[in-house]
Amino acid sequence: MSTVPAHFEQPILIAGGGPVGVVTALALARQGLAVHVFEAESKVNDAPRAATTHAATLEMLEGLGLVDEVIRRGLIEPLFRIWDRSTGKLVAEFDFGKLRNDTRYPFAVQCEQHKLTNLAIDRLRAFPHATLEFSSRVMSISQSSDSVEITVETATGTRQVKGSYLIGADGGRSTVRKSLGIEFEGYTHPERFLILTTSFDIGTTFPGCTRNYLSHPEDWCAFFKVSGDDGTGLWRVLSSTRLDQTEAELFDNEAVQHRMQKFIPKEGRYEIIHRNLYNVHQRVAARFRTGRVFLAGDAAHVNNPLGGLGLNFGIHDAIELTGLLGPVVRGEAPIDTLDFYDRHRRPLNIEFVQQQTIANKKRMEEKDPVARARNFEQLAATAADPVAHRAYLLRASLIESVRKPASLSDPRYQSIPPD
Ligand SMILES: Cc1cc2nc3c(=O)[nH]c(=O)nc-3n(C[C@H](O)[C@H](O)[C@H](O)COP(=O)(O)OP(=O)(O)OC[C@H]3O[C@@H](n4cnc5c(N)ncnc54)[C@H](O)[C@@H]3O)c2cc1C
């Protein structure tokens with residue numbers, strides 16, 4: 001007769017092999033727990049999305065043995081700058097180096113999210129108790145008091161898979177979240193964000209800093225350097241679009257050249273490597289857990305990318321959830337311990353991710369000249385005052401969110417602030 005408890009025999013199932021799904025799987029596998037990841041697509045998505053990885057996240061990736069490779073494949077950047085694009089003046093420069101007594105990583109690392117995902121998958125493959133299946137879509141879920149069951153669709157048909165728990169890391173359109181009937185509270189911005197990736201070295205025009213935010217009442221933009229797959233460096237230019245602009249109009253060669261020349265004038269044409277258009281949301285799931293099923297990453301919360309916080313917080317979800325699940329699965333902690341995940345993560349996302357990204361977007365696009373001037377004065381004053389500068393960065397790097405005492409059920413953070 002087997003002496004292995006049932007919860008060790010049944011794997012923890014994960015819907016979604018994006019960065020949050022595979023980091024969650026790795027954190028569980030390293031605890032000796034059986035995991036099975038189902039990814040709908042046939043390969044890792046390498047569209048330009050997250051790159052900025054903050055200090056608090058780098059510390060967590062250190063715990064998973066990933067940080068050295070993330071740093072090696074990315075670019076270290078201690079600074080970010082905020083500009084007034086209408087005057088061309090630098091408003092404020094912030095320096096994560098000022099956090100050297102707060103973290104082992106006083107900088108951000110620009111490492112594209114597909115690199116992190118591939119790295120985590122490589123590590124996952126070393127564990128005999130971890131399985132990752134591509135081209136396997138989770139279609140429906142059910143659960144009982146002691147197990148979960150999912151229906152998985154592959155090219156050869158559908159099958160049922162049983163597990164002890166299910167983690168929905170299946171992105172913003174999460175099937176898991178919808179199957180649980182959980183509302184995705186918040187709103188979608190009417191405009192879309194366009195990312196144009198160029199091989200032109202924008203650092204020749206904006207030297208000394210690879211993370212720049214340029215505020216403007218009609219036409220803000222932000223540009224960041226990433227190392228690219230071959231390490232030679234690419235620049236991503238992020239900007240907003242008008243409501244009436246179609247994808248065909250926005251991707252048109254001349255329109256793209258015009259947009260790039262408007263932001264960073266140069267002689268000759270830009271070589272454009274990618275053009276990508278994204279809908280932008282501020283939404284948080286009404287619950288992050290129902291019984292044995294959890295939501296993590298974009299399945300649980302989505303936000304605009306200004307500040308680079310969405311994936312960072314998703315990785316923090318993964319670490320917190322796996323830290324709670326391990327002891328419960330091993331029988332060392334009662335199942336009620338898992339309530340903490342929803343009680344803690346949901347208000348934390350609203351307080352740190354939704355509030356900051358909404359404020360960042362407002363500052364970038366502010367139309368009222370008085371409010372713009374006030375914003376710039378405040379930013380400049382914050383950057384000039386060492387105490388305020390450090391406090392601002394502790395929040396921007398999510399270190400403050402990680403340090404926040406765990407006794408959080410603050411009613412102020414039960415809903416997303418309006419736009
Ligand atoms: C332009 C842009 C820039 C960004 N920049 C940053 C940044 O600098 N820093 C930052 O922290 N965040 C950033 N983000 C946010 C970041 O990209 C997301 O938070 C991140 O992708 C979330 O990871 P995830 O694994 O939760 O979801 P996803 O990356 O969406 O992965 C979900 C996975 O689940 C799979 N899937 C979906 N449905 C199913 C199903 N039914 N069954 C099985 N698999 C399924 C999908 O194929 C996908 O692979 C940015 C986002 C955008 C759009």
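Order of appearance sets the numbers: ligands from 1, and atoms from 1 within every ligand.
Any N or O atom pair closer than 3.5 Å counts here, and Ala299 shares no such pair with ligand 1. For ligand 1, the polar-atom distance check finds an N/O of Val138 within less than 3.5 Å of one of the ligand's N/O atoms. Residue-to-ligand polar distances keep Pro48 apart from ligand 1: every N/O pair is separated by 3.5 Å or more. Checked by distance only, ligand 1 and Thr52 come closer than 3.5 Å through their nitrogen or oxygen atoms. In terms of polar-atom proximity, Ala51 is counted as a contact of ligand 1, with an N or O under 3.5 Å from an N or O of the ligand. Considering backbone and side-chain N/O of Gly297, none are found under 3.5 Å from N/O of ligand 1. Between Ala296 and ligand 1, not a single N/O pair is under 3.5 Å apart. Of the N or O atoms in Asp298, one or more lie within a sub-3.5 Å distance of an N or O in ligand 1.
A salt bridge is absent between Glu218 and Lys262; no separation between the charged side-chain nitrogens and carboxylate oxygens falls under 4.0 Å. A salt bridge does not link Glu93 with Arg211: every distance from a Lys NZ or Arg NE/NH1/NH2 to an Asp or Glu carboxylate oxygen is 4.0 Å or more. The residues Glu69 and Arg123 are annotated as not salt-bridged, no charged nitrogen and carboxylate oxygen being separated by less than 4.0 angstrom. Salt bridge present: Glu191 and Lys361 bring a charged side-chain N and a carboxylate O closer than 4.0 Å. Checked for salt-bridge contact, Asp342 and Arg289 miss the test: no charged N lies under 4.0 Å from a carboxylate O.
With atom 7 (C) of ligand 1 as the reference point, the heavy atom nearest to it among Ser179, Gly21, Gly308, Gly18 is part of Gly308. The option from Asn45, Ile195, Asp170, Asn276 that lies nearest to atom 39 (C) of ligand 1, judged by heavy atoms, is Asp170. For atom 23 (O) of ligand 1, the candidate residues are Pro19, Ser135, Gly314; the nearest heavy-atom contact is made by Pro19.
Contact annotation: for Tyr278 versus ligand 1, heavy atoms closer than 4.0 Å belong to the side chain alone. Contacts between Leu309 and ligand 1 below 4.0 angstrom, taking non-hydrogen atoms only, involve the backbone exclusively. Contacts of Ser174 with ligand 1, taken as heavy-atom pairs under 4.0 Å, are absent altogether. Residue Gln113 touches ligand 1 through its side chain alone, judged by heavy-atom distances below 4.0 Å.
Stacking of Arg269 on the aromatic ring of Phe200 is not recorded, the 6.0 Å distance cut-off and the 45° axial limit not both being met. Geometrically, Arg395 engages Phe352 in a cation-pi contact, judged by NZ or CZ lying under 6.0 Å from the ring centre and within 45° of the ring axis. A cation-pi arrangement is present between Arg177 and Phe184 under the rule of less than 6.0 angstrom and at most 45 degrees off the ring axis.
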For residues 220-227, which side-chain donor-acceptor pairs fall under 3.5 Å, sequence neighbours excluded?
from: Ser227; atom 1: OG; to: Arg73; atom 2: O; distance (Å): 2.7
from: Ser227; atom 1: OG; to: Lys115; atom 2: NZ; distance (Å): 2.7

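The protein heavy-atom contact nearest to atom 50 (C) of ligand 1 is Ala50 N, 3.8 Å. Of all protein heavy atoms, the one closest to atom 27 (O) of ligand 1 is Gly171 CA, 3.8 Å.
Between the side chains of His216 and Ser86, no donor-acceptor pair of N or O atoms lies under 3.5 Å.
In this structure, Phe193 has no heavy atom closer than 4.0 Å to ligand 1.
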